[in-house]
Every structure is written in C-alpha cells, then in structure tokens.
Amino acid sequence: MIQVAGKVTSNRKVKPGYYLMAVKCPVIAKKAKPGQFLTIRCGNSTTPLLRRPFGFHRIGPSGFEILYERIGKGTTFLSGLKAGDEIDVLGPLGNGFSVPKGKKDFIIVAGGIGVAPLVSLAESLAKIKKAEVCAVIGARSGKALLCEDHFKKIGIKTMAATDDGTCGKKCLATGVLSEFLAGEKGPRPVIFACGPGPMLKATAHIAKERGLECYVSLEENIACGVGACLGCAIKTRSGYKLVCKDGPVFNAKEIIW
Ligand SMILES: Cc1cc2nc3c(=O)[nH]c(=O)nc-3n(C[C@H](O)[C@H](O)[C@H](O)COP(=O)(O)OP(=O)(O)OC[C@H]3O[C@@H](n4cnc5c(N)ncnc54)[C@H](O)[C@@H]3O)c2cc1C
Ligand code: FES
C-alpha cells in the first residue's frame, strides 16, 4: 500500500450524476488488481475528514480510472477536479477478485455504481483464452445504466435490466440472471457481483440454489481503510472479517447475510 500524489489527467461527466476520472499514478497502477480499491482525500481542508474509497474501474501501466457517483461532499469535491490537479491517493487496498483456476465461464452481475470495479475484472477475464464472459447490468433507469457499451466492445454478451424498463428488461438484475441461468446448458459459470446489498444477497441465493461459485464485492462504510479501526467488520462463517482488509471481495457462501 502506497500513499502518493496522483495527477488527474481527465475528469468528465459520463451520465447525469456519474463521472469518470483518469489519474496518472504508475506506482499504484503497477500493483493494483481488479477488485482492490484505493482511498482518496476528497478535500483541501479537514472536511470531509475521512478519505473516500473507490474501486479501480480500469487499470493501465501508468495510471487508473475511477467511475463514481456524485452523492455527497467527497464526490462533489472530486467532480470539480480538472486535468492537472493533484489528489492524495492511498492504495491498492483490499484483496481483489481471484479467478478460480481452470474456469472459463463467468457471469458478471452489476447493480448501479457497483459496475465500476467490475470493468477491470471483465477486461482481465476477457483475456483468458477461450473464456466465455457474460454480464448482467442493472440500474434504476437507462439514464443510470453504465458501461453497457464498454462491456460489448470487449466482446462480452451483455444483458441490461432497469427498474423503469427504459433500457433492457423491466426487472431487477437478479431477474435477468435467473432467467439466463435457467436457459444455460453449458459449463457451470462462476459469478462475480458488485452492487447494493439486497442484490448481492439475492445473487448469493441464486448461486447457492444452483451450486455455483459466487464472489461478491461489498461496499461497507470504510473509515481507515487499512484494518485499524474495525469499523467495517461483517459476520462470516469463520467469525468477524474486515471488509477493507479481508475483502472487499468475499466468497458469497462465507457471508452470514
Ligand atoms: C470498497 C469500496 C469501493 C467503492 N467503490 C466505489 C466506486 O468505484 N464508485 C463509487 O461511486 N462509489 C464507490 N464506493 C462508495 C463510495 O466510497 C461512496 O459513495 C463515497 O465514499 C461517498 O462519499 P461522499 O462524501 O460523496 O458522500 P457522503 O456525503 O459521505 O455520504 C453519502 C452516502 O455514501 C455512503 N458513504 C459515505 N462514506 C462512505 C465510505 N467511507 N465508505 C462507503 N460508503 C460511504 C453512505 O451510505 C452515505 O449515506 C465504494 C465503497 C467501498 C467501500
Ligand atoms: S475501515 Fe477501518 S478497519 Fe476497515
């Protein structure tokens, strides 16, 4: 883990309320893997005091991107940054996604801004020889549906679900997932999911019913981000675990939902 100044190289609105920021920061980019996260100091004064956590949306040799939703003080500060500005970043943190050896079939399940860290994962899965990768992306509406084109561009079969039916199917992402799995006759896919808690719980349930491996990336409130404050503890079958240090990615069957 390194704390360093990263240089913003671009920061633009991709959809109303959603932003994509590219940061030049080779020292962190070289160590980062999909599913890990970083924390950013989101202000020039003491407020907000706590650094804010973000997943690595895309990782390159000299930097990374974060895709973020503007919801409060910290993310509003970030949305105002311009190319050339410096930000204080700390990372990479957490465990990241591990791809089970020998597996070639994968389903990505994303809800809302939970899609952000799944893009770097998708890019690395798509590089596995003969891999079959599908994605289900859910959002409130078409206006909040993110990354669909990007997934398609890298050759991933992508299915969308929206609450209001303005894009894809009018249902939850887990509805599309169940339907897709019901029609699947091929090898048993591994599921990777990130999104709101209820979506993750439902995804874990679907995976359990079908005996599929499932890994979820949790978004608990993070304070220190490095395992020191115990503020992000969750109950698992092997006792309490810290989302920031032992996670954010967990085997879904380990979690007591
Ligand atoms: C491991 C991890 C990865 C994340 N990756 C992304 C990402 O890639 N893109 C993205 O848009 N968001 C991501 N988040 C959520 C993001 O950290 C929060 O949206 C952000 O901290 C909100 O800051 P704020 O000051 O703008 O909002 P605030 O005004 O502080 O809070 C608004 C709401 O955001 C949530 N929140 C606030 N602080 C935190 C915190 N420290 N940790 C988690 N949730 C918090 C709370 O539910 C709160 O109600 C991630 C969270 C975690 C834990
Ligand atoms: S946020 Fe402090 S221990 Fe996880």
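Whatever order the structure lists them in is the order used to number ligands and atoms, beginning at 1. Since we're looking at a predicted model, the values are computed, not measured.
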Inset, instruction - Would you kindly confirm whether Val243 and Trp257 end up in one hydrophobic cluster when ILVMFWY residues are joined by side chain heavy atoms under 4.5 Å apart? - result: yes
Legend entry - Proximal atoms of ligand 2 relative to Ala223 (non-hydrogen, under 4.0 Å): 1 (S)
Inset, instruction - Answer yes or no: is there a donor N or O on one side and an acceptor on the other, between the side chain of Gln36 and the main chain of Lys33, under 3.5 Å? - result: yes
Inset, instruction - Please work out whether any backbone atom (N, CA, C, O) or any side-chain heavy atom from C-beta onward of Leu67 is under 4.0 Å from ligand 1, and answer side chain, backbone, both or neither. - result: backbone
Legend entry - Atom indices of ligand 2 within 4.0 angstrom of Gly227 heavy atoms, with elements: 3 (S)
Legend entry - Donor on one side chain, acceptor on other, Thr75 and Glu69, under 3.5 Å: no
Inset, instruction - Only one of Phe77, Phe37, Tyr19 passes ring-ring contact (aromatic ring centres under 6.0 Å, His included) with Tyr68; say which it is. - result: Tyr19
Inset, instruction - Consider ligand 1: state whether an atom of it lies below 4.0 angstrom from any non-hydrogen atom of Ile222. - result: yes
Legend entry - SG (Cys229) to atom 2 (Fe) of ligand 2 to SG (Cys224) angle, given to the nearest 10 degrees: 110°
Legend entry - Gly55 N/O to ligand 1 N/O under 3.5 Å: yes
Legend entry - Nearest neighbour in protein (non-hydrogen) for atom 35 (C) of ligand 1: Asn221 OD1, 4.1 Å
Legend entry - Candidate with minimal heavy-atom separation from atom 12 (N) of ligand 1, of Phe37, Phe77, Phe54: Phe54
Legend entry - Structural part of Glu220 in contact with ligand 1, heavy atom criterion under 4.0 angstrom: backbone
Legend entry - NE2/His205: more than 12 non-hydrogen atoms of other groups inside 6.0 Å: no
Inset, instruction - Work out which heavy atom in Gly94 is nearest to a heavy atom in Pro248; give both atom names and the distance. - result: CA-CD, 4.1 Å
Inset, instruction - Identify the protein heavy atom lying closest to atom 3 (S) of ligand 2, giving its residue, its atom name and the separation to 0.1 Å. - result: Leu230 N, 3.1 Å
Inset, instruction - Please confirm whether Tyr215 and Phe250 have ring centers closer than 6.0 angstrom. - result: no
Inset, instruction - Considering heavy atoms of the protein only, find what lies nearest to atom 15 (C) of ligand 1 and give residue, atom and distance to 0.1 Å. - result: Glu219 OE1, 3.8 Å
Legend entry - Nearest protein heavy atom with distance in Å, relative to atom 20 (C) of ligand 1: Arg52 CD, 4.2 Å
Inset, instruction - Flag Thr75 as yes when one of its N or O atoms lies below 3.5 Å from any N or O atom of ligand 1, and as no otherwise. - result: yes
Inset, instruction - May I ask you to decide whether Glu132 forms a salt bridge with Lys104, counting only side-chain N to carboxylate O separations under 4.0 Å? - result: no
Legend entry - Test item: protein heavy atom less than 4.0 Å from atom 37 (C) of ligand 1: no
Legend entry - Heavy-atom side-chain proximity of Ile107 to Val109 below 4.5 angstrom: yes
Legend entry - Protein contact to atom 11 (O) of ligand 1 [nearest heavy atom, distance to 0.1 Å]: Glu69 N, 2.9 Å
Legend entry - NZ/NE/NH1/NH2 to OD/OE distance under 4.0 Å, Arg51 and Asp88: yes
Inset, instruction - Can you confirm whether something in the protein, heavy atoms only, sits under 4.0 Å from atom 33 (C) of ligand 1? - result: yes
Inset, instruction - Check for a donor-acceptor pair, side chain of Thr162 on one end and backbone N or O of Thr166 on the other, with a separation under 3.5 Å. - result: yes
Legend entry - Heavy-atom nearest neighbour in the protein, as seen from atom 17 (O) of ligand 1, with distance rounded to 0.1 Å: Pro53 O, 2.6 Å
Inset, instruction - State the atoms of ligand 1, each with its element, that fall below the 4.0 Å cut-off from a heavy-atom position in Ile71. - result: 19 (O), 22 (C), 26 (O), 27 (O), 32 (C), 33 (C), 34 (O)
Inset, instruction - Find the distance between CG (Leu125) and CD1 (Ile154) and round it off to the nearest 0.5 Å. - result: 8.5 Å
Inset, instruction - Check whether any N or O atom of Arg51, backbone or side chain, sits under 3.5 Å from an N or O atom of ligand 1, and answer yes or no. - result: no
Inset, instruction - Give yes or no for whether the N/O distance cutoff of 3.5 Å, strictly under, is met between Gly74 and ligand 1. - result: yes
Inset, instruction - Would you mind running through ligand 2 and noting each atom that sits below 4.0 Å from a heavy atom of Ala228? - result: 3 (S)
Inset, instruction - Decide, counting backbone as well as side-chain atoms, whether Cys244 has an N, O or S atom less than 2.8 Å from atom 4 (Fe) of ligand 2. - result: yes
Inset, instruction - Would you mind checking which non-hydrogen protein atom is closest to atom 27 (O) of ligand 1, with the distance to 0.1 Å? - result: Gly72 CA, 3.4 Å
Legend entry - Sub-4.0 Å heavy-atom contact, Ile113 with ligand 1: yes
Legend entry - Test item: Leu230 and Leu242 side chains (from C-beta on) under 4.5 Å apart, heavy atoms: yes
Inset, instruction - Considering only NZ, NE, NH1 and NH2 on the basic side and carboxylate oxygens on the acidic side, decide whether Glu148 and Lys152 come within less than 4.0 Å. - result: yes
Inset, instruction - Determine, for Lys169 against Glu179, whether the closest basic-nitrogen to carboxylate-oxygen distance falls under 4.0 angstrom. - result: yes
Legend entry - Closest protein heavy atom (residue, atom, distance) for atom 4 (Fe) of ligand 2: Cys232 SG, 2.2 Å
Legend entry - Region of Ala116 that comes within reach of ligand 1 [heavy atoms, distance under 4.0 Å]: side chain
